[in-house]
Amino acid sequence: MEPDTVATFFALLLLAGSVGVAAAWVAEPVRRYLAPSSLSLAAVVAAGAMGGSLWFSERAGYVPCELCWYQRAAMYPLAIALVVAAARGVDRIRLPAAGVAGVGLTIALYHVQLQWFPDQGSFCDATNPCTGRWVEAFGWMTIPQMAAVSFALVVGLLTLPPIPQESS
Amino acid sequence: MTRSRSPLVVVGVLVVVAFAIATLVSGGDDPPSATETAPVAIEGAALAPFDPADDPAIGSPAPSVSGVSFDDAPVAVTEPGSRVYGFFAHWCPHCQRELPIVEEWLDEGLLPTGVGFVAISTAVEPGADNHPPSAWFEQVGYDGTVLVDDADSSVADAFGLTAFPYWVVTDADGDVVFRTTGGVDRSGFIALGELAAG
């Protein structure tokens, strides 16, 4: 499978996920629908992000740059922890996991702006430049942007406002 | 808290739909009509990797290289001579900014008489930004000598490249007099030519 196809695949899922999570934040009916599964959904997002990054590095051969490794340091443990927590129903992981995802999101956003404004440096490292755009799904969505959306989705799912309890 | 399975089922459906769309939309690139990478012949000792603090290659003879250009025309840089070599990677934003203005400077005749300029297209990544490099060079309007490196970037390695863009300057004897990385401005490009001219 070509990297462009894989990038398009993940970009489509991330865009759909963004619409869903954004809707959950603004529309209570959507939140009622997603909230009970939000921990599992966050685990799916994190695991998918981890799988995608591994595919790009191990199958497509894109060597992760320094910033990619920092983001991996946040996402990989997060994916494992969320999958286990979702399987066991450990809800108290939400806040610390959201914190880790927040750190990853910050790094990803820095990476994204570095690609947008590469003049912060004057050259591209020959081996694995952080300014390099290995894929551009839909002509614009790069891997760091996908990572940023993934982290944001995890944060958004784990911190969904509670559903008001209906009084009996 | 009651956990509903239906959102996960929706996710599963979305995964299948996304896979189908991605497969249909991303039909592979058309076979390139230009040569993006090609075998090269390199003679002479490779230069040590560039170290800005203390360049070990100063005074060393530059390797002789030969190969082809994007249109398969033979390119031979085998005779010693005053030259400026410019190494460009299509995916590097700094190269993308540098190549068009280098083309302008060459048209203006900023290099001294007798100093040649050789552009080397290297580090080609088919899935990366601004591919194929042949289209990029054509779009920029570059009409000078272009040597296409092989898929392993052998010419870049032979010249000790560590970052892009990369410049190597040789004197009339073919010995390296200067190397640097990163974008150069107008005065810097003029200086490269003057170093080559000796």
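Letters A, B, ... are given to chains in the order of the sequence lines, protein chains preceding strands, and every chain is numbered from 1. Only this structure's heavy atoms are used, side chains among them; waters, hydrogens and symmetry mates stay out.
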(request) Taking all non-hydrogen atoms of both residues into account, name the closest pair between A:Ala11 and A:Phe138 and its distance. (result) CB-CE1, 3.5 Å

(message) Is A:Phe10 close to chain B through its backbone or its side chain, or both, or neither, when contacts mean heavy atoms under 4.5 Å?
(response) neither

(message) Heavy-atom pairs under 4.5 Å with chain B - which of A:Leu39, A:Leu34, A:Leu41 has more of them than the others?
(response) A:Leu41

(request) Using non-hydrogen atoms and a 4.5 Å limit, figure out which bit of B:Val15 sits close to chain A: side chain, backbone, both or neither. (result) both

(message) Under 2.5 Å between the SG atoms: is that true for B:Cys92 and A:Cys124?
(response) yes

(message) I need the minimum non-hydrogen distance between A:Ala24 and A:Leu160, along with the two atoms involved.
(response) CB-CD2, 3.8 Å

(request) Take the angle between the ring planes of B:Tyr166 and B:Phe87 and call it parallel below 30°, perpendicular above 60°, tilted in between. (result) tilted

